[in-house]
Amino acid sequence: MKQLNTLKQPATSYADKLLDSLRSQGVLDTEQQEVAERLQKKNQGQPIAQTLIDIGISEESVQKAVADLFGMLFIHITSDTIDFEFVKTVGSGWCREHGIVPVCIDGKRYLAAQSPDAVFLAEDICSEQCANMGHAIALRRDLENAVDLFDSQTQKIQPEVQEEECGEGSELSLDLESASSEADSSPVVSFVSNMIATALRENASDIHFEPSDGRSQVRYRIDGVLHDLDDAPKRLHAAVVSRIKILANLDIAERRLPQDGRIRAMILGRSLDLRVSTVPTPKGEKIVMRLLDDRNIRVGLDELGFRKEVLHAWQKEIVAPNGIILVTGPTGCGKTTTLYSSLQSMDRKRLNISTVEDPVEYELDGITQIQVHDKIDMTFSRALRALLRQDPDVVLLGEIRDKETAGVAIQAAMTGHLVLSTLHTNDAPSSMTRLINIGVEPFLVASAVNAVLAQRLARRVCKHCVEFKAPTSEEIELLNGFTPEKIPHAIGCSKCRDSGYNGRLGVYELLLMNDELRDLIASNPTITTFRNKCLETGMQNLRIDGFAKIAEGLTTLEEVLRLT
């Protein structure tokens with residue numbers, strides 16, 4: 001407890017020493033120090049180290065200075081240095097709760113944390129297990145990665161269920177009271193937790209929990225394809241459904257009507273949102289959960305699969321001062337990820353960026369996000385009109401669904417705003433006829449729209465088992481002019497669940513407007529005429545972009561033909 005008393009010295013003393021240390025190293029200048037001191041007065045409960053990191057000082061520099069002040073070791077945590085034996089002793093939950101990672105370096109054991117007080121308090125609480133352990137300071141990302149590793153290796157929950165044969169005509173339904181009590185039972189809780197954790201580990205986008213004869217199937221959508229990886233006894237189906245409904249704040253008594261809800265959870269150390277949808281079927285309720293993991297949108301535009309020339313053209317379009325930019329494609333093709341990545345590449349400090357979404361799937365720093373609520377008449381068009389009185393520079397509109405919303409979006413584009421939105425069409429040229437068909441005048445479409453990006457998500461060929469072979473005569477004919485010496489073929493191995501694919505990348509069709517195309521749109525052409533003109537002016541369609549990715553060894557011919 002002597003070390004704890006060190007922390008109880010006046011905060012200004014510790015803060016001054018830390019600021020002086022950083023100043024002497026040349027890490028902190030006078031202006032930054034003044035900003036830090038001003039913010040610290042407003043946020044007195046926040047450690048000075050965190051305030052310095054928030055204003056842009058290198059976390060490593062700050063943490064090294066903190067370690068020096070307290071006579072601790074500063075370390076970078078790797079998987080080789082983690083002390084898993086200690087984790088088994090106290091449990092990974094204890095490590096997560098206290099923000100502690102036990103490490104072993106050169107035969108010496110340490111407790112590593114982001115701040116000294118976390119180390120001392122944890123040692124005081126768990127003194128027997130922490131005896132003779134040193135103290136260390138580490139970076140936040142290293143600590144988070146280590147705790148994620150704990151969960152993947154030490155918290156593989158197995159559902160404690162006994163398989164039972166359910167004969168034909170067996171009573172499988174549960175009354176409301178028993179369903180509610182079983183929903184809170186250990187096997188059901190473990191099964192639901194394991195189901196979500198498995199989806200996260202497998203990078204699944206959706207979980208399907210559906211009743212069938214004798215069993216309840218759990219299928220995971222991985223890389224756009226459903227995989228049947230798990231099941232449960234049919235007798236537990238109602239209890240599992242009730243458990244998920246309770247987590248999503250849905251009515252467990254209502255089994256005849258569809259319901260929608262949302263679960264916010266911390267799974268494997270990651271903050272996760274799950275959108276829950278239930279529908280009644282003759283065999284019981286089916287549940288689909290979509291996983292919204294904000295790590296999936298923290299990707300740069302250059303990581304999405306754009307070819308260099310397409311990426312360069314898209315980057316020019318999203319910095320335009322005004323106009324409409326559309327991203328189109330079916331549900332689940334990555335439109336939201338492309339738009340969010342585009343917003344995050346913008347200067348969010350200089351620009352006023354706002355969004356109107358239904359629902360708000362991910363929270364973005366530095367961006368105003370508005371949720372649509374049709375029940376209270378908070379529609380896309382109404383929210384967009386309100387935003388236009390908020391002096392926006394860039395507006396992201398979740399979807400253009402009707403004439404009214406399209407009209408307001410075009411008005412915004414023609415009065416000096418850049419509008420990004422989505423449509424559900426099969427290709428880029430179809431977006432123009434779609435806008436005209438919902439009632440927008442052709443000359444307004446021609447003058448307001450700057451570019452349209454159609455996209456699909458193709459599965460990446462697994463790099464561990466891919467085989468490159470010379471294309472056959474049939475494949476050469478299908479490649480339609482592309483003649484690579486060898487093309488990739490999906491084989492399948494343990495690392496890709498024998499599918500031959502691992503991960504996904506975008507396949508794109510970018511339509512850039514010019515005067516010739518604008519004049520043609522104003523005359524309200526047929527979709528065939530307009531599409532042919534787009535191809536004549538240089539647009540490369542989805543299949544051509546897919547063939548280029550085959551030539552680069554990124555995906556297979558079968559995958560491109562499936563998508564296009």
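Values in this document were obtained by computation on a predicted structure and should not be read as measured data.
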Have [X] and [Y] got a donor and an acceptor in their side chains that come within less than 3.5 Å?
| X | Y | answer |
| --- | --- | --- |
| Glu357 | Gln371 | no |
| Trp314 | Thr338 | no |
| Thr198 | Glu202 | no |

[Y] backbone acceptor or donor facing [X] side chain under 3.5 Å:
| X | Y | result |
| --- | --- | --- |
| Gln63 | Gln114 | yes |
| Lys335 | Gly329 | yes |
| Asn352 | Asp391 | yes |
| His227 | Tyr220 | no |
| Gln259 | Thr278 | no |
| Asn450 | Asn322 | yes |
| Lys549 | Gly305 | yes |

Within the structure provided, determine whether [X] and [Y] are in side-chain contact (heavy-atom separation under 4.5 Å).
| X | Y | value |
| --- | --- | --- |
| His208 | Arg221 | yes |
| Ile353 | Asp393 | no |
| Glu60 | His76 | yes |
| Leu396 | Tyr340 | yes |
| Phe74 | Leu139 | yes |
| Val192 | Ile244 | yes |
| Phe191 | Val218 | yes |
| Gln455 | Val507 | no |

State the [atom1]-[atom2] distance between [X] and [Y], to the nearest 0.5 angstrom.
| X | Y | atom1 | atom2 | value |
| --- | --- | --- | --- | --- |
| Ser21 | Asp16 | OG | CG | 12.5 Å |
| Met289 | Leu247 | CE | CG | 9.0 Å |
| Glu303 | Leu505 | CD | CG | 12.5 Å |
| Gln50 | Ile57 | CD | CD1 | 12.5 Å |
| Ile222 | Arg459 | CD1 | CZ | 11.0 Å |
| Gln390 | Ser354 | CD | OG | 7.0 Å |

Full working for side chain to side chain contact (heavy atoms under 4.5 Å, CB included) between Ile75 and Thr81: CA-CA 10 Å; Ile75 61 170; Thr81 61; 6.0 Å; no

Identify the heavy atoms of [X] and [Y] that sit nearest to each other, and give their distance.
| X | Y | answer |
| --- | --- | --- |
| Ala199 | Leu291 | CB-CD2, 3.8 Å |
| Lys108 | Gly134 | CE-N, 3.9 Å |
| Asp260 | Leu250 | O-CD2, 3.2 Å |
| Leu510 | Ala313 | CD2-CB, 3.7 Å |
| Pro116 | Ile137 | N-CD1, 3.8 Å |
| Ala248 | Val276 | CB-CG2, 4.0 Å |

Evaluation steps, salt bridge (Lys or Arg N to Asp or Glu O under 4.0 Å), between Lys245 and Asp251: CA-CA 7 Å; Lys245 282 184 173 182; Asp251 184 0; over 6 Å; no

Worked check of side chain to side chain contact (heavy atoms under 4.5 Å, CB included) between Ile77 and Leu143: CA-CA 7 Å; Ile77 302 173; Leu143 294 163; 3.7 Å; yes

Sole candidate of Leu18, Leu52, Ile48 that passes side chain to side chain contact (heavy atoms under 4.5 Å, CB included) when paired with Val66: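 Answer to the side chain to side chain contact (heavy atoms under 4.5 Å, CB included) test with Val66 among Leu18, Leu52, Ile48: Leu18.
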
Stepwise side chain to side chain contact (heavy atoms under 4.5 Å, CB included) check, Phe380 with Ile370: CA-CA 9 Å; Phe380 275 109; Ile370 296 178; over 6 Å; no

By salt bridge (Lys or Arg N to Asp or Glu O under 4.0 Å) - contacts of Glu59 (at least two apart):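 Result, salt bridge (Lys or Arg N to Asp or Glu O under 4.0 Å) vs Glu59: none returned.
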
Greater than 12 external heavy atoms within 6.0 Å of Arg23's CZ: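 Yes, the 6.0 Å shell around CZ holds more than 12 heavy atoms from other groups.
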
Intermediate values then yes/no, side chain to side chain contact (heavy atoms under 4.5 Å, CB included), Leu292 and Arg275: CA-CA 8 Å; Leu292 302 177; Arg275 287 167 59 185; 3.5 Å; yes

